[in-house]
Amino acid sequence: MENDEDKADMFAIPDLWQSSKWLDQLDQANDATPPFFATGLKESHDSSLLQLAPVAVEQQGFFKLPPLETSNPTDSNVSAALDDTQKTTESTPDAELAIEVWLGLDEVPEKTPEHRTWDAFLSATPATSQPPLVTEAGPAIYDALLCWSIDPLQLQNSDVPVVEAKTYFSSLLALAIGQESVFFLRDDKSKSFTSALPKMRISGYSRHVLQGLEKQCLRCGTIFLELRSFIQSTYSRRSTRCGVALASALDQVLKDSQQHVAVHGHNPRSLLGLQSTIKGLLAILEPFHRLASKLRRGYSDEDVLSIVFHEAYSVDHREEQLREIMREVLRRVSRPWIDFLEEWIGTRREQGIPFTKSSVGESRGFVKVESETYMDDFGQQVEDVDFRLDEAKMPHFMPNDITKSIFETGKNLRFIKSCHPEHPLANHEIIALTQPPRVKWLYDWDAILQLESRVSQYRDSLLRAIQKNRADSQPPSQDQGASSALHLHVELQFFVVEEKKIEERLLASMDQFNQPLADVDAEDSLSRVVRHRLSGRYQSPSNSSNFAPHWSLLPVLSFGGIAAVQAQVINQESLRLLFTHHDLRSHLKMHRDFQLFGNGMFSSRLSHALFDPDLETAERQAGVARQGGVMGLRLGGRDNWPPASSELRLALMGVLSETFESENGFGKEKLSTMSRDASELPGDLSFAVRDLSDEEIDKCMNPDSLEALDFLRLSYKPPVPLSAIITPMILMQYDRIFKLLLRILRMLYIVNQLFRDVNSRTSRWDDPENVSYRFSREAHHFLSSITSYFMDAGVAIPWQGFEAKLDKIQSWLSKTAPKGLQGKMESPHSLRELHSQTLDRIMVALFLRKRQQPVLRLLEEIFTAVLQYAKYSRLQALGRSPDEPTNPEELYQKFKKKVQIFVTVCRGLTEKGRLGNSNGGDESGLRQDGIGEDHMVAQLLMKLDMNEYYSKH
């Protein structure tokens, strides 16, 4: 019975066949056509299989074709059949049902994804729908395995409690920004974080997976706290301006990081999203943490700048967002230092009290005002108060040449401001009208090229303004000057301004206060870059390029252009003022005439005043009245020495002033323009007494010694504008040359007197020896040659080159170059170096350098031998016997031996010069000592021993 029921069930007619509607359709079909399985089907139709169109069942019955729409029917019969079919379908009551059945066949059935494996494919068995991995089965199964006591995965997580994922993620985010949370507590003493639970995890993750993320969050939070502590300590103590700027930038970065975490990262979707947020924070904070760790207590501005510069350079090869962040931080940190740089070179108005030389002991930026003590070879000390470059406070990335150029530019600008406040360079309003470019860091070539163009325009505008001011600097009439002064006075008084103008200013001020405060954070470039980096919405600037200058060139390209142009203009104007308004050439010529004995009248007057025995003595004698004639010190004709100060004043009175007013181009009108009083010489030039040690004073006590006149010197105090060219060190060089030339002047007078004592008929020396004739002639020849060499070659040749360079500079300054500055630029610093080099070459030619002390000592021994014999000859001429027995033969042999050694030394110097020197000039335009036969010492050798007399003997 059961089998029968099963068969009945198997062959059961579906509900569709049981419906009355279906039966009616079958009856209609049987009446119209023969049965489908009838035997007469083959006979009633042709054998051809192509004649299927007349079947009415397929057009009107259940298996009718649905209407097809074709855009371009190619057969008219097909289109007509379709039209007939459409009409028939519309007339059929069950057409709508049939269309739905056939159209459903085009729809692709949705299939659930199946897990396919090669094992199931080879065994031809369907794959199971269960996931092959435990982690893919869902967090519940994975948590069950982790909590299983037998620990099948061996992860040791069975006793780890499971916490809520959302709370755990929030706690990790709070830990990353250095804040307490439910699961992580902060210890104020150790300034670290501890976990509230010994172990914990979230559903679906093991404790080992979460430990790595917790370590990253802990490191990020620790860095956050350390940076916050660095910021607070920087603000609390007295820090530098660049240090405060760095702390401000770090504070802004931390605020933006906290804001991003609070707004955008507070609800991460997954553990990977949280990890991405933490890595983004670490990528930004780690360079700043490394930077802050390098700064020690007591750091200065240059330390901050150098460390930030090198840190920005170190991350330049990393991701572009971090590179932009560090560049922006470098801009901010450098701003205080750049502000002082602009104030120093004059492109920015100086804030606060002006920085002048009177601020002794004060320091601003890389410039300080202090006094330096100079000491010459004689132990004389001179103090000079001036601006000094503090190289220790200059950042390490600044090149030395740009550093020195910037310092000299500011120093010359202070000279213009202090001595010529009416000059356009001293008026910031005029400089502001020329629109000087701002100094800032530039990182790409396009910005650098734009800066060069702006610098060129600024230079031309500034030169035009200076030339216009120079052209309009004609002294106005008294009425115009009074009216302009009155007008200026009225404008400066607030209560004299008209009521309408006061009302306009008040209304403008009210409108300004009514404006809403600007959103600084929205416009802050550093915040914008940090937020875009954390959110992943960073877009590279359109003008950025990978081809950028190397970081070692950035200081030169960013600061060198404006510094060079400012140096050119200021140096040019400083030199012009020195030559035109302060008559520098006249002061230099005065030193040439007096300090270097370039004036023949001065040499003659001084020689007579010091050595001429025929002049009236200036020594005060009891009971003897002075005759009122020309007085002198009469060195060599008196027993007591040195003279008193009153004797010096009487003997040397009028020597300088009368010589200064002589025919050498210095008239009384010239004198009155160069000094405050017509009776005073420029720089208060006068004779003075040199400070000597006890040993040197003892030597000066002997009138027959070589050092008898070493106490006498020329005193000169340069005017304030010329102190940059005539420095205390240069005055020491002048003093040392004057001391030697004064000895030469005395020796020349001595040998001339010696020649007269031996050959004069009025002498009481009845029968001089042959040695005396030889000595007098050879000494005269030697001293004449030495004097000629010192004056004509040692002093004149270097000074002629110096004057030629001065003529060239003045000629260059007289030319106007509105489109730019032509040729090599000169400056007061280069002029001072040129002056010092000239004196240095003179000292080399006169054997006054330290390395030439043996040669000079040998020359002094020769002079001493001549003086000893001169004393013996003078006593013989006066008919007096010397106090000590003197052998003329021994003095002559001593003199001749020393001269032979001196000639040998000069010949060695000539050969050394022939091998060592390679050219006869340098960049400064001054002639060198020459080479070979043109060497200066070779010229001296030619004068001394042309016939090799001393060499043969």
Partner residues of [X] under the side chain to side chain contact (heavy atoms under 4.5 Å, CB included) criterion, sequence neighbours left out:
X      : result
Glu226 : Thr222, His289
Gln179 : Ala174, Ile177, Gln258
Thr356 : Pro354, Ser358, Ser359
Ala283 : Arg533

**Report entry** Intermediate values then yes/no, salt bridge (Lys or Arg N to Asp or Glu O under 4.0 Å), Asp339 and Arg348
**Finding:** CA-CA 8 Å; Asp339 289 345; Arg348 181 186 179 92; 3.7 Å; yes
Backbone N or O of [Y] within a donor-acceptor pair of the [X] side chain at under 3.5 Å?
X      : Y      : answer
Arg186 : Phe193 : no
Ser229 : Leu225 : no
Gln566 : Ile345 : yes
Ser453 : Gln450 : no
Ser405 : Ile402 : no
Ser276 : Gly273 : no
Asn571 : Ala567 : yes
Thr234 : Gly243 : no
Ser334 : Arg331 : no
Trp344 : Ile406 : yes

Which pair of heavy atoms, one from [X] and one from [Y], lies closest together, and at what distance?
X      : Y      : value
Glu302 : Ser306 : O-OG, 2.8 Å
Leu227 : Ala292 : CD2-CB, 4.1 Å
Pro721 : Phe415 : CB-CE1, 3.6 Å
Asp301 : Cys242 : OD1-N, 3.0 Å
Pro437 : Leu451 : CB-CD1, 4.1 Å
Glu826 : Trp812 : N-CH2, 4.3 Å

Report task. Scan for salt bridge (Lys or Arg N to Asp or Glu O under 4.0 Å) pairs involving residues 547-574, sequence neighbours excluded, and state none if there are none. Result -> Arg470-Glu573, Glu573-Arg576
Test: [X] and [Y] ion pair at under 4.0 Å:
X      : Y      : result
Arg228 : Asp251 : yes
Glu350 : Arg364 : yes
Glu342 : Arg335 : yes
Lys294 : Asp303 : no
Lys357 : Asp386 : yes

Quick check for you: to the nearest 0.5 Å, what is the distance between [X] atom [atom1] and [Y] atom [atom2]?
X      : Y      : atom1 : atom2 : answer
Cys220 : Leu281 : SG    : CG    : 4.5 Å
Ile430 : Leu462 : CD1   : CG    : 9.5 Å
Leu413 : Glu408 : CG    : CD    : 12.5 Å
Leu282 : Thr277 : CG    : OG1   : 11.0 Å
Arg464 : Arg459 : CZ    : CZ    : 10.5 Å
Trp337 : Thr240 : CH2   : OG1   : 14.0 Å

Residues 549-558 side chain polar contacts: donor-acceptor under 3.5 Å, at least two apart:
residue: His550; atom: ND1; partner: Ser552; partner atom: N; Å: 3.1
residue: His550; atom: ND1; partner: Ser552; partner atom: OG; Å: 2.9
residue: His550; atom: NE2; partner: Tyr313; partner atom: OH; Å: 3.4
residue: Trp551; atom: NE1; partner: Asp316; partner atom: OD1; Å: 3.3
residue: Trp551; atom: NE1; partner: Asp316; partner atom: OD2; Å: 3.3
residue: Ser558; atom: OG; partner: Leu442; partner atom: N; Å: 3.1
residue: Ser558; atom: OG; partner: Leu554; partner atom: O; Å: 2.8

State whether the number of non-hydrogen atoms from other residues, nucleotides or ligands found under 6.0 Å of [X] atom [atom1] is greater than 12.
X      : atom1 : answer
Glu504 : CD    : yes
Leu507 : CG    : yes
Lys417 : NZ    : yes
Gln512 : CD    : no
Gln435 : CD    : no

With [X] via ring-ring contact (aromatic ring centres under 6.0 Å, His included) - residues at least two apart:
X      : value
Phe355 : Phe387
His829 : none
His581 : His420
Phe230 : none

Query raised in the report: Between Gln259 and Arg531, is any side-chain donor less than 3.5 angstrom from a side-chain acceptor?
Result: yes
Query raised in the report: So, Ser527 versus Gln252: side-chain donor-acceptor pair below 3.5 Å or not?
Result: yes
Report summary line: Checking Ile284, Ile223, Leu285 against Leu254 for side-chain contact (heavy atoms from CB on, under 4.5 Å), the one that qualifies is Leu285
Report task. Taking salt bridge (Lys or Arg N to Asp or Glu O under 4.0 Å) as the test, write out the residues that go with Arg349, two or more places apart. Result -> Glu429
Query raised in the report: What residues form a side-chain hydrogen bond (donor to acceptor under 3.5 Å, both in side chains) with Glu286, not counting sequence neighbours?
Result: Arg219
Query raised in the report: Using 30° and 60° as the class limits, which term best fits the ring planes of Phe366 and Phe340: parallel, tilted or perpendicular?
Result: perpendicular
Requested in this report: Using the salt bridge (Lys or Arg N to Asp or Glu O under 4.0 Å) rule, take Glu311 and Arg290 through it: C-alpha gap first, then chi angles, then the decisive distance, then the call.
Outcome: CA-CA 8 Å; Glu311 190 64 30; Arg290 184 168 58 250; 2.7 Å; yes
Query raised in the report: Within a strict 4.5 Å, meaning less than it, do heavy atoms of the Ile448 and Tyr443 side chains meet?
Result: no
